[in-house]
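Per chain, numbering begins at 1; letters A, B, ... match sequence-line order. Below, each value reflects all heavy atoms present in this structure, side chains not excepted, and no hydrogens, waters or symmetry copies.
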Protein chains: 2
Amino acid sequence: MPRLPDPQLAARRRREILEAALVCFRRRGFHQATMQEICAEARVSPGALYRYFKSKSDIIAAIAAEEHAQIEPLFQSLAAGASLLDTLEILAVDWLKKFADDDAPLIADVFAECVRDRELAAEITRNGMALQDRLVEAVRTAQAGGELAADLDPVSIVRLLFATLDGLGFRVAVLRDITPEAAAAELMTMLRRFLSPTAGVISHPQNDIQRIKRAPRRAASKTSQETSP
Amino acid sequence: MPRLPDPQLAARRRREILEAALVCFRRRGFHQATMQEICAEARVSPGALYRYFKSKSDIIAAIAAEEHAQIEPLFQSLAAGASLLDTLEILAVDWLKKFADDDAPLIADVFAECVRDRELAAEITRNGMALQDRLVEAVRTAQAGGELAADLDPVSIVRLLFATLDGLGFRVAVLRDITPEAAAAELMTMLRRFLSPTAGVISHPQNDIQRIKRAPRRAASKTSQETSP
DNA sequence: ACCTGAACACCGTTCAAGT
DNA sequence: ACCTGAACACCGTTCAAGT
């Protein structure tokens, strides 16, 4: 009876190739790095590589999937009673620092690739949504505890937070007109004002004609998917 | 005496090629679209195309350069006394709508290409900064008029605004969990609270240990470049 | 001056052939 | 079962040759 293929070896080979690909992508970006380079770095032939990854963007998907792991400690310290805003500051600095490092090309390429590659986008979305849902829960807790304004949609808050983080990441990586630390500080200044329980809303005499539109305050939804009309 | 090369013809050819490239990029994205396709669409040979654009990404740069034009009316209505926040809402909806259309791949590719292509990044930065500087001026005016909180750095405000717009654009284009209109509404809710002259800052008993960091309130700088340390 | 299109130096991916 | 590496079908770009 023939033995099943060794899963140990397969897993190790996958890891070796992934590690080699990371080196190459960091060095030259996703599109500039060639499969030949990755093969050389991983010391395998092209044929062998295609045993473990069915395409170049399959490698990117695998890398992106692994990225979502080391934020776990943050949720644990949240559970231990840490302030949400202080925890978010740590998250922000961590995230923005990645853009300043040589990871910038990597992240930008993943973004761009997502627009067309539906499978990759689905993978990213799945991971991102999981993280997002946990943060939404944390925001809800903070609202109940009086730390944040209670009249804002938690899903909306988290979406704005993530959007600003992505946008600031782009600035840090491309325009380079601000450091990760300064960007995170600016973000926190904004969040503290935005989310303050006692915040007022602009209503200046000059604006009287045009009524201020408020975002529809619907019942809090379980996942952000439900936010779309 | 030989006549100079006809600038009329050159300009027309450039425009034809640019238009053809736009069709191809919108259809398949920057990297998937081939030069052969663009040549076929523009009805010129590869050799002819390379007379007018020195590379594929040179075409992207030219497209990006043209994009920054139709926002002029917004600044005129601002000069005519329109409220800054109302004007920003129009700007936001316009910008976010582009991501929902077939322009999404185009914009995402420009972003990604910027990370490595330094010339392209410089081109984008130049245009972006010009727009940014004009908005910074508008924010300053609004602050002086009491429409916005006066204790915030105008450069910081505009940077956060642009960052959030870019990040929301990504959500609209890739995750597709929100419409351009809804995203713009969320953004405006945030901006009205964040920029309110009477806004409070979160200072909850639980946060007493960690002092709240404020962005350094330096003398207003002429260009945002000076914001980096 | 302006254009053509075959040719060049690559690229991601496959597959017959080895061990 | 696992791997090799030449071969395949392409790509962006160039350049001798035409008009």
Item to check | Pair A:Phe194 + B:Phe194: ring centers closer than 6.0 Å | outcome: no

Checklist entry - Base, sugar-phosphate, or nothing for A:Ala10, non-hydrogen atoms under 4.0 angstrom? => result nothing

Checklist entry - Which nucleotide, in any strand shown, forms a Watson-Crick or G-U wobble pair with C:dA17, with both distances under 3.5 Å? => result none

Item to check | Length of the CE-P vector between B:Met35 and D:dT13, whole Å | outcome: 5 Å

Next on the checklist: Just to be sure I understand the rule, does A:Phe53 reach a base, reach only the sugar-phosphate, or reach nothing, if contact means heavy atoms closer than 4.0 Å?
Outcome noted: nothing

Checklist entry - B:Tyr52 has a side chain; which of D:dT4, C:dC2, C:dT4 sits nearest to it? => result C:dC2

Checklist entry - Of the nucleotides D:dT4, C:dC2, D:dT13, which has the atom closest to the B:Pro46 side chain? => result D:dT13

Checklist entry - Nearest-Å distance, CZ (B:Arg43) to P (C:dG5)? => result 14 Å

Checklist entry - Roughly how many Å is it from CD in A:Gln8 to P in D:dA1, rounded to a whole number? => result 18 Å

Checklist entry - Which one is paired to C:dA9, where only Watson-Crick or G-U wobble pairs with both distances under 3.5 angstrom count? => result none

Checklist entry - For the side chain of A:Ser156 and the backbone of A:Leu152, is there at least one donor-acceptor N/O pair under 3.5 Å apart? => result no

Next on the checklist: Tell me the interatomic distance from B:Ile17, atom CD1, to D:dG12, atom C1', rounded to whole angstroms.
Outcome noted: 15 Å

Item to check | First encountered from the 5' end of DNA chain D, between B:Lys56 and A:Ser45 | outcome: A:Ser45

Checklist outcome for this item: Against the side chain of A:Ser55, the closest entry in D:dT4, C:dC3, C:dT13 is C:dT13

Checklist entry - Atom CD of B:Glu16 to atom C1' of C:dC3: distance rounded to whole Å? => result 14 Å

Checklist entry - How would you label the contact of B:Arg13 with the nucleic acid (heavy atoms, under 4.0 Å): base, sugar-phosphate, or nothing? => result sugar-phosphate

Checklist outcome for this item: Rounded to whole Å, the CG-P distance (A:Leu49 to C:dC11) equals 15 Å

Next on the checklist: Which nucleotide, if any, forms a Watson-Crick or G-U wobble pair with D:dC3, using both distances under 3.5 Å?
Outcome noted: none

Checklist outcome for this item: d(A:Thr189 OG1, B:Leu160 CG) to nearest 0.5 Å is 8.0 Å

Next on the checklist: Angle between ring planes, A:Phe25 versus A:Phe30, binned at 30° and 60°: parallel, tilted or perpendicular?
Outcome noted: perpendicular

Checklist entry - How is A:Thr34 classified with respect to the nucleic acid when contacts are heavy atoms under 4.0 Å: base, sugar-phosphate, or nothing? => result sugar-phosphate

Item to check | Full working for salt bridge (charged side-chain N to carboxylate O under 4.0 Å, His left out) between A:Glu41 and A:Arg27 | outcome: CA-CA 12 Å; A:Glu41 185 75 33; A:Arg27 190 162 47 207; 3.6 Å; yes

Checklist entry - What is the distance from atom CD1 of B:Ile63 to atom CG of B:Leu22, rounded to the nearest 0.5 Å? => result 4.0 Å

Checklist outcome for this item: Ranking A:Gly47 and A:Glu37 by the position along DNA chain C of their nearest nucleotide, the one closer to 5' is A:Glu37

Checklist entry - Considering only side-chain heavy atoms of A:Tyr50, which listed nucleotide, D:dT4, C:dT14, C:dT4, is closest? => result C:dT14

Item to check | Distance, rounded to the nearest Å, where A:Ile38 contributes CD1 and C:dT13 contributes C1' | outcome: 13 Å

Checklist outcome for this item: Separation of D:dG12 atom P from B:Lys54 atom NZ, nearest Å, is 17 Å

